[in-house]
Amino acid sequence: QVQLVESGGGSVQAGGSLRLSCAVSGRTAMTKYLGWFRQAPGKEREGVACILFNTGDTYYADSVTGRFSISRDNRESMHLQMDSLKPEDTATYYCAAGSGVLWPGLRFSPEMYSSWGQGTQVTVSS
């Protein structure tokens with residue numbers, strides 16, 4: 001099992017920045033990719049960004065491309081730099097880990113991620 005804990009959420013005005021962090025512990029040797037998801041009230045959970053361990057490749061949802069950046073220090077630490085924040089970015093943000101084969105069309109499918117953090121709230125005011 002892998003345990004994940006998010007930090008860094010908060011409230012910011014539109015145009016501002018936040019940096020989320022995710023601490024990963026447990027059986028991290030089995031982890032092949034990490035991702036960030038978000039869920040706003042009344043909406044489905046959506047993938048925001050993911051990073052593959054073997055290649056370091058990163059992928060982003062269209063809604064955040066050019067504004068968000070995912071990175072990792074090692075298997076135990078991951079970050080999401082969020083710039084030019086918009087009110088529509090308001091949501092609870094979750095980090096997640098997976099160990100299976102991450103097919104291109106499933107990179108942002110929650111079912112591909114077996115371990116999840118508890119989430120951190122991000123609120124962007126206009």
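- Between the CD atom of Q118 and the OG1 atom of T92 there is a distance of 11.0 Å, given to the nearest 0.5 Å.
- Listed for the Y33 side chain is no donor-acceptor partner under 3.5 Å among the backbone atoms of A96.
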Show your reasoning for whether side-chain contact (heavy atoms from CB on, under 4.5 Å) applies to L20 and T120.
-> CA-CA 8 Å; L20 304 183; T120 185; 4.0 Å; yes
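- Atoms NZ and OG, on K86 and S125 in that order, are 15.5 Å from each other to the nearest 0.5 Å.
- Grouping the Ile, Leu, Val, Met, Phe, Trp and Tyr side chains by contacts below 4.5 angstrom, directly or via other members, places F108 apart from I70.
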Could you check Y94 against L4 for side-chain contact (heavy atoms from CB on, under 4.5 Å), going step by step and ending with a plain yes or no?
-> CA-CA 9 Å; Y94 300 88; L4 305 104; over 6 Å; no
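- Interatomic distance, CD of Q1 versus CE of M30, reported as 11.5 Å (0.5 Å rounding).
- Atoms OG and CD, from S17 and Q81 in turn, are 5.5 Å apart once rounded to the nearest 0.5 Å.
- Under the 4.5 Å side-chain criterion, counting only non-hydrogen atoms from C-beta, L106 is not in contact with V101.
- With 3.5 Å as the limit, one finds a donor-acceptor pair spanning the side chains of H79 and S21.
- Here the side chain of T90 pairs a donor or acceptor atom with the backbone of V124 at under 3.5 angstrom.
- Using a 4.5 Å cut-off on side-chain heavy atoms (C-beta onward), L85 and F68 make contact.
- In this structure the side chain of I51 never reaches within 4.5 angstrom of the side chain of Y59, judged on heavy atoms.
- For Q13, the CD atom sits in a loose shell: 12 or fewer heavy atoms of surrounding residues, nucleotides or ligands are nearer than 6.0 Å.
- Distance alone, capped at 3.5 Å, is enough to place a donor-acceptor pair between the R67 side chain and the S84 backbone.
- Side-chain atoms of Y93 and M82, non-hydrogen and from C-beta on, do get closer than 4.5 Å to each other.
- For K43 against Q39, the heavy-atom pair with the smallest separation is O-NE2, 3.1 Å.
- Using a distance-only test at 3.5 Å, with no hydrogens or angles considered, a donor-acceptor pair links the side chain of N74 to the main chain of S77.
- Looking only at side-chain heavy atoms (C-beta outward), C95 and M78 come within less than 4.5 Å of each other.
- With a 4.5 Å cut-off on side-chain heavy atoms, W36 and C22 count as touching.
- To the nearest 0.5 Å, the span separating OG on S69 from CG on D83 amounts to 8.5 Å.
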ring-ring contact (aromatic ring centres under 6.0 Å, His included) evaluation trace for W116 with F37 = CA-CA 10 Å; W116 293 80; F37 289 75; 4.9 Å; yes
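- Side-chain N or O atoms of E6 include one that pairs as donor or acceptor with a backbone N or O of G119 at under 3.5 Å.
- Side-chain atoms of E76 and T28 include a donor-acceptor pair closer than 3.5 Å.
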Could you walk me through whether L52 and K32 pass the side-chain contact (heavy atoms from CB on, under 4.5 Å) check?
-> CA-CA 6 Å; L52 309 184; K32 293 184 179 179; over 6 Å; no
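- In this structure the side chain of L18 reaches within 4.5 angstrom of the side chain of V122, judged on heavy atoms.
- The heavy-atom pair separating A40 from A91 by the smallest distance is N-CB, 3.9 Å.
- To the nearest 0.5 Å, the span separating SG on C50 from CG on L34 amounts to 9.5 Å.
- Heavy atoms of other residues, nucleotides or ligands lying less than 6.0 angstrom from CD of E111 number more than 12.
- R19 CZ: more than 12 foreign heavy atoms inside a 6.0 Å radius.
- Looking at R38 and V64, their side chains come closer than 4.5 Å, going by heavy atoms from C-beta outward.
- Note that R75 lies outside the cation-pi zone of F53, set by a 6.0 Å cut-off to the ring centre and a 45° limit from the axis.
- Applying the side chain to side chain donor-acceptor pair (under 3.5 Å) criterion to T123, with sequence neighbours excluded, gives Q121.
- Counting only distance, with no hydrogens or angles, the side chain of Y113 and the backbone of S99 share no donor-acceptor pair below 3.5 Å.
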